[in-house]
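Scroll down for the structure; my scribbles are underneath it.
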Amino acid sequence: MLMIHANVEAMSEGLGWELADIRAMVNYMHQLNKELADSGELLDAQGLGNPEQSKKVQARPDGEPVITDGPFPEAKEVLAGYWLVDVADERRVVEIATRISVTPGPGGAPVNQPVQIHPIGEAPEV
């Protein structure tokens, strides 16, 4: 799983980018996703909604849920999107993460955003 995070304030303000820059970024992501789908490596990819659309649920000791609407003041960053990929090796997932990192930003300059890579684990035998 590859994950990108964004600043809460930037997400709430729609990045603050010009529309042409947003289109370039979205087109870049669509092209990357198409290439990964065509190669059979893409399992899923999604951009996530703004922090105002999120909710946090935690069960009380009696099992009843406590629901808190976002945005969450304690959060400085939020998960902005993810890719689930099935690749041959770590080298390939690093290549994909690098392509995500250089997504075009304002004026077409690469944003060089950090991309977290988390292997999907298996449940322990019980």
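Heads up: numbering here begins at 1 and tracks the sequence. Remember, it's a predicted structure, so these values are computed and weren't measured experimentally.
The side-chain contact (heavy atoms from CB on, under 4.5 Å) with Trp83 is formed by just one residue from the set Asn33, Leu43, Val93; it is Asn33.
Side chain of Asp89 to main chain of Arg92: a donor-acceptor pair is present (N/O by atom type, distance under 3.5 Å, no hydrogens or angles). The main-chain N or O of Ala97 is never found under 3.5 Å from a side-chain atom of Ser101 such that the two would form a donor-acceptor pair. Remark: the backbone N or O of Tyr28 is not paired with any side-chain donor or acceptor of Gln31 at under 3.5 angstrom.
Judged as a side-chain hydrogen bond (donor to acceptor under 3.5 Å, both in side chains), and not counting sequence neighbours, the contacts of Gln46 are Asp44.
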Run the side-chain donor-acceptor check on residues 105-125: report pairs under 3.5 Å with partners two or more places apart or on a different chain.
from, atom 1, to, atom 2, distance (Å)
Gln116, OE1, His118, NE2, 3.0

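A salt bridge is absent between Glu95 and Arg99: the closest approach of a Lys/Arg side-chain nitrogen to an acidic carboxylate oxygen does not fall below 4.0 angstrom.
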Candidate pair Asp21 and Met25, rule side chain to side chain contact (heavy atoms under 4.5 Å, CB included), full reasoning: CA-CA 6 Å; Asp21 294 327; Met25 184 256 315; over 6 Å; no
Verdict with reasoning, Leu84 to Met1, per side chain to side chain contact (heavy atoms under 4.5 Å, CB included): CA-CA 5 Å; Leu84 287 176; Met1 176 181 237; 3.7 Å; yes
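For the residue pair Leu42 and Ala37, the shortest heavy atom distance occurs at CB-N, 3.7 Å. Ala24 and Pro104 get closest at one heavy-atom pair: O-CG, 3.9 Å.
For Glu18, the CD atom counts as loosely surrounded, since its 6.0 Å shell holds 12 or fewer non-hydrogen atoms of other residues, nucleotides or ligands.
A distance of 11.0 Å separates CG in Asp69 from CD in Glu52, rounded to the nearest 0.5 Å.
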